[in-house]
Amino acid sequence: MNKFDYAILLATRKEAERYAIEKRVPIVSQEGAALLSQIVSIRRPQRILEIGTAIGYSAMVIAASMPVGASIVTIEQDPDRFSVAENFLTKAGLLSQVQMCCGDARQIIPDVSGPFDLVFFDAAKGQYPDYLAAVRDKLSSEAVIIADNILFRGLVEEQGSIPRRYRTIVKRLREYLNLVNDQRCFHTDIHRGGDGIAVSYYQGRANHV
Ligand SMILES: C[S@@+](CC[C@H](N)C(=O)[O-])C[C@H]1O[C@@H](n2cnc3c(N)ncnc32)[C@H](O)[C@@H]1O
C-alpha cells in the first residue's frame, strides 16, 4: 500500500490548483490531468519521470493513480516554484515516493537513473526534442512519453505564417512530432483536448535506427 492518505492527497491537490489560479502558475489542463491519470491507471508504471514540476500539481495527479510501490522523479528549474512544490508534496505525504530535483532538466536527466516506464514532458516547449534525446536511453521497453501543449494554441498545425515570437517554439514542437512519429521508434496518438497532448508508445530499443 502506498504510504500516503488518499483524502489528504486530493485535498492538497485542490489547494495547489487554487494556488495556481491565484498566482497564475501554469498547470496541466483538466483534460490533460484526466488523460494523465487514465494512462497511469491503465499502464501501471513503476518508475515515472516528470519534467516541469511547477508547484507539484501534476505530480499529485500522477501519484493519485500510480500503483503501489511506484515512484516519481520530478525536475523543476525555478527555485521558488520548486520550494512551493516541496511544501505541497510534503503536505500531501508524498515525499517518500517523489524524488525532487531542482535545476535544468537537460543537465539533470543524464544523472537520474532509469529505466522509466512513463515520462511526462511539461516544461519549455522549445526544448522537447532535447528532453527526448536525453531520456531516450532511459526508457523501459514498454515506456510511454506524454508531452503536453503539443499543438501550442493550434499553431503547430497552422498552414499559414506563424507570429514571429512563436516561430522557434512551433518549429521545435514540429521537430518533436516528427521524431515521435517515426513508426520504428514510437507509435504516437495526438489528443486534442487542452493545448494538445502527444502520447508516444515506445517500440523498444531493438527498433532504433
Ligand atoms: C507548465 S509548467 C509545469 C506544470 C506542471 N507539470 C503541472 O501541471 O502542475 C512548466 C514548468 O517547467 C519549468 N521548466 C522550464 N524549462 C525547464 C527546464 N529546462 N528544466 C526544468 N524545468 C523547466 C518551468 O519553470 C515551469 O515551472
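All residue numbers refer to positions in the sequence shown, counting from 1. We count ligands from 1, going down the list as the structure has it; atoms in each ligand are counted the same way.
- Ile62 and Leu95 fall within a single hydrophobic cluster, where Ile, Leu, Val, Met, Phe, Trp and Tyr side chains are chained together by heavy-atom contacts under 4.5 Å.
- Taking all heavy atoms of Ala105, Ala16, Pro26, Cys102 into account, the minimum distance to atom 1 (C) of ligand 1 is reached by Pro26.
- Tyr128 and Tyr176 have perpendicular rings, their planes meeting at more than 60° on a 0 to 90° scale where under 30° would count as parallel.
- More than 12 non-hydrogen atoms from other residues, nucleotides or ligands lie less than 6.0 angstrom from CD of Glu158.
- Considering backbone and side-chain atoms alike, Arg106 places every N or O at 3.5 Å or more from each N or O of ligand 1.
- Annotation for ligand 1: atoms under 4.0 Å from non-hydrogen atoms of Ala124 are 15 (C), 16 (N).
- Salt bridge status for Glu15 with Arg18: absent, with no side-chain N to carboxylate O gap under 4.0 Å.
- Under 4.0 angstrom from ligand 1, the non-hydrogen atoms of Tyr131 all belong to its side chain.
- Put simply, part of Thr53 is less than 4.0 Å from ligand 1, judged by heavy atoms.
- Atoms of ligand 1 lying under 4.0 Å from at least one heavy atom of Ala123, given by number and element, are 10 (C), 12 (O), 14 (N), 15 (C), 16 (N), 17 (C), 23 (C).
- Using a 4.5 Å heavy-atom threshold, the side chains of Glu50 and Asp122 count as separate.
- Atom CD of Glu175 has more than 12 neighbouring heavy atoms from other residues, nucleotides or ligands inside a 6.0 Å radius.
- Among protein heavy atoms, the minimum distance from atom 18 (C) of ligand 1 is reached at Gln77 OE1, 3.4 Å.
- The number of heavy-atom neighbours closer than 6.0 Å to CZ of Arg167, taken from other residues, nucleotides and ligands shown, is above 12.
- Within the structure, the closest approach of Gly103 to ligand 1 falls below 4.0 Å when heavy atoms are considered.
- If you check which protein heavy atom lies closest to atom 8 (O) of ligand 1, you get Val28 N, 2.7 Å.
- Polar contact with ligand 1: present for Asp122 (N/O pair, distance under 3.5 Å).
- In terms of polar-atom proximity, Ile27 is not counted as a contact of ligand 1, lacking any N or O under 3.5 Å from an N or O of the ligand.
- Residue Ile108 does not touch ligand 1, judged by heavy-atom distances below 4.0 Å.
- Contacts between Glu76 and ligand 1 below 4.0 angstrom, taking non-hydrogen atoms only, involve backbone and side chain alike.
- Of the protein's non-hydrogen atoms, Arg81 NH1, 3.2 Å is the one closest to atom 26 (C) of ligand 1.
- When only non-hydrogen protein atoms are considered, atom 9 (O) of ligand 1 lies nearest to Ser58 N, 3.0 Å.
- At a threshold of 4.0 Å, the pair Arg192-Asp195 does not count as salt-bridged, since none of the basic side-chain nitrogens sits closer than that to a carboxylate oxygen.
- Annotation for ligand 1: atoms under 4.0 Å from non-hydrogen atoms of Gln127 are 18 (C), 19 (N).
- Taking the side chain as every heavy atom from C-beta outward, Phe121 and Val135 approach each other to under 4.5 Å.
- Among the atoms of Phe120, none of the N or O lies under 3.5 angstrom from an N or O of ligand 1.
- The side chain to side chain contact (heavy atoms under 4.5 Å, CB included) with Ile145 is formed by just one residue from the set Val199, Thr188, Val119; it is Val119.
- Close contacts of ligand 1 with Asp104, meaning ligand atoms under 4.0 Å from a residue heavy atom, involve 18 (C), 19 (N), 20 (N).
- When side chains are defined from C-beta on, Tyr57 counts as touching Val28, because their heavy atoms get closer than 4.5 Å.
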